[in-house]
Novice: 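Submitted below is the structure of interest, expressed as structure tokens.
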Amino acid sequence: MNSMNRLAAMVSLAALFPLVIQAAETKGNVEVVHYWTSGGEAKSVEVLKKIIEKDGFTWQDSAVAGGGGSAAMTVLKTRAVSGNPPTAAQIKAPDIQEWGRLDLLASIDDVAKANNWDSLLPESVAQIMKYEGHYVAAPVNIHRINWLWLNPVVLKQAGISDVPTTLDELYAAGDKLKAAGFIAIAHGGQAWQDTTIFENLVLSVMGVDGFKKAFIDVDDSVFTGPKMIEVFNALRRIQSYLDPDGNGQDWNLETAKVINGKAGMQIMGDWAKSEWSAAGKFADTDYICVPFPGSQGAYSYTIDSLAMFKLASKNDTPGNIAARNDLAKVALEPSFQYVFNQNKGSIPVIKGLDMSRFDSCAQASAKDFAAAEKTGSLAPSMAFNMSTSQAVQGAVFDVVTHFMNDKSADAGKAGRQLLAAIKAAQ
Ligand code: BGC
């Protein structure tokens, strides 16, 4: 979305708020800013809305379209700056700390204590939901990023008998798919989608250690070394397999091309599964999920959470606080966690749920998460805001997108450009 469109979207959103607030004035109300707007995502968030309404509160939906959430974050900032924050917003870990530092988040310690969050949540997750030791956000899921999604019928038609497990096998599958007249890899050319592939390549080529050195430690040698050149060369090679009509396309419209048999594969986090589920398709028969080639054993992830904002004085009523507490409580309840995550493609964030109620992709995800946790192979996603601030993430988006758009850009120089951009944004 260009800046004019973004502005227009914000203005039209702002125009809607007074009406909705009036309608909800007499009840306990939760207003939630989120970006779950694809078919499968909307179905998932509907589960939460229904429970909140069943509990007697009003759900005020402030969805802002745009995969990856940049547009939603722009709206949120404008709202917060003008003293009109929502009750809750879908935010990722480092940003929770930034909003906390601005003194805009509300403590939900009472809810957390009454519902035993400290023992329900893995310690590493509990920690990032807190600001200065107080819970200020409720996590809802764990999404794995390093996935490859495949349509087995298309693969068969293209003469591919095995799913790719290495980058070379991915290229070979891409060649066969193209030769058979299919889109090899469904992909929308948007900065965050390009960066999803880049991040997966870093994991595949450099392993978890290299990934962490790059995106957590920002170690110069990782950006200037030969492996980073290999990553950018691989990105260029993969680019030749991407949907030629994918420029600016939304991720879910690209997922639809794999579902409809126009494309063979998609590189995307497991919210892609929500589209398959919403289309009535099943893992193993209609689609196959495998770790992104070369990244087996590693697990890159992001956690969606609802950060709770201090209410503007006009909204700061006992009813609205009760509604906010209900939202926080429901987010971690097992019954919600099952249904929400089955629809969303993610795995539950609370411990001890029965994974036999999930499909094989979610079961593999849960198993791989636990294994990666033990071996220190969890990689907090850069493209999905788990390892860096939005400023650093934005710098990576810019360099990767520039590289994708300029076919003559030099893979040998891109790593240094990336390092310089990250340093400038830190
Ligand atoms: C979020 C997912 C969402 C995806 C696409 C990610 O940042 O974690 O919940 O489905 O973006 O918008």
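Atoms within each ligand, like the ligands themselves, are counted from 1 in listed order. In this chain, residues are counted from 1 in sequence order. Here the structure is a predicted model, which means the values were calculated and not measured.
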Novice: Under a heavy-atom criterion of less than 4.0 Å, does Gly69 contact ligand 1?
Specialist: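 It does not; every heavy atom stays at 4.0 Å or beyond.
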Novice: Using a plain distance cutoff, I'd like to know if Trp271 has any nitrogen or oxygen under 3.5 Å from a nitrogen or oxygen of ligand 1.
Specialist: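 N/O-N/O distance below 3.5 Å does not exist for this pair.
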Novice: Could you tell me if Thr255 and Gln266 have a donor-acceptor pair between their side chains, going purely by distance under 3.5 Å?
Specialist: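 Thr255 and Gln266 do have a side-chain donor-acceptor pair below 3.5 Å.
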Novice: Going from OG on Ser346 to NE2 on His143, what distance comes out if it is rounded to the nearest 0.5 angstrom?
Specialist: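 Between atom OG of Ser346 and atom NE2 of His143 there are 4.0 Å.
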Novice: Are any of the N/O atoms in Gly66 less than 3.5 Å from those in ligand 1?
Specialist: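 For ligand 1, there is no N or O atom that lies under 3.5 Å from one belonging to Gly66.
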Novice: As an exercise, identify every atom of ligand 1 less than 4.0 angstrom from a heavy atom of Gly67.
Specialist: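 Listed by number with element: 12 (O).
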Novice: Consider every N or O of Trp192 and every N or O of ligand 1, then say whether any pair is closer than 3.5 Å.
Specialist: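 N/O-N/O distance below 3.5 Å does not exist for this pair.
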Novice: Determine the interplanar angle of the Phe223 and Phe215 rings, folded into 0 to 90°, and report it as parallel if under 30°, tilted if 30 to 60°, perpendicular if over 60°.
Specialist: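 Taking Phe215 first and then Phe223, their aromatic rings stand perpendicular (interplane angle over 60°).
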Novice: Distance under 4.0 Å to a non-hydrogen atom of Thr302: what atoms of ligand 1 satisfy this?
Specialist: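 In order of numbering, the contacting atoms are 8 (O).
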Novice: Test salt bridge (Lys or Arg N to Asp or Glu O under 4.0 Å) on Asp359 and Lys273 and set out the steps.
Specialist: CA-CA 11 Å; Asp359 66 21; Lys273 204 179 77 180; 3.0 Å; yes
Novice: Hey, are Glu123 and Gln127 close enough side-chain-wise for a donor-acceptor pair under 3.5 Å?
Specialist: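 Indeed, the side chains of Gln127 and Glu123 share at least one donor-acceptor pair under 3.5 Å.
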Novice: Heavy atoms only: which of His143, Lys92, Glu275 lies closest to atom 6 (C) of ligand 1?
Specialist: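 Ranked by closest heavy atom to atom 6 (C) of ligand 1, first place is Lys92.
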Novice: Asn141 versus ligand 1: do any nitrogen or oxygen atoms come within less than 3.5 Å of each other?
Specialist: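 There is no such contact.
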Novice: Students often mix this up, so state it plainly: with edges at 30° and 60°, are the rings of Tyr135 and Trp117 parallel, tilted or perpendicular?
Specialist: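 The arrangement is perpendicular - the two ring planes meet at more than 60°.
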